[in-house]
Amino acid sequence: DFEADIRRVQAVLRNPERVAFLKKIRDAGPCIQVSNLDAEFDSGRALEHLRALRNAGLVQGVIEGDSPCYCVNATTVERAGIAPVLDRNS
């Protein structure tokens, strides 16, 4: 339900690294490959953050060529009202 979705999003965004990670995905444009995220974040941590963001519905994966790419799920961001959080300076 809606309230459970909001609680899940809030729990994920309590971690400042995940907010930074989500901003990185958003700022990358329409899609970013996992290998590009690994360059800035430790590979294991990148996968952990990506999994948490995906489980909260904040990012979605697509396949471009042979590589998985991720983008921000604008519907969830809008529904949860978190765009202002992403627009704040880090």
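Predicted, not measured: the structure shown is a model, and the values here were computed from it. No hydrogens, no waters, no symmetry mates; every other heavy atom, side chains included, goes into these values.
Note on Arg18 versus Glu48: salt bridge recorded, some NZ/NE/NH1/NH2 to OD/OE distance being below 4.0 Å.
The shortest heavy-atom contact between Ala56 and Thr76 is O-CG2, 4.0 Å. Across Val77 and Ala83, no two heavy atoms sit closer than the pair CG1-N, 3.8 Å. Residues Val9 and Ala80 share a closest heavy-atom pair of CG1-CB, 4.2 Å.
Judged purely by atom type and a 3.5 angstrom limit, Asn73 has no side-chain atom pairing as donor or acceptor with the backbone of Gln60.
Distance check: Ile32 CD1 to Cys71 SG gives 11.0 Å after rounding to the nearest 0.5 Å. One finds the CD1 atom of Ile25 at 9.5 Å from the CG atom of Leu58 (value rounded to the nearest 0.5 Å). The CG atom of Asn15 sits 11.5 Å away from atom CG of Leu22, with the distance rounded to the nearest 0.5 Å.
Each of Arg8, Arg7, Glu3 was evaluated against Asp5; a single residue qualifies, Arg8, per the side-chain contact (heavy atoms from CB on, under 4.5 Å) test.
The same ILVMFWY cluster, assembled from side-chain heavy atoms under 4.5 Å apart, contains both Val59 and Leu47.
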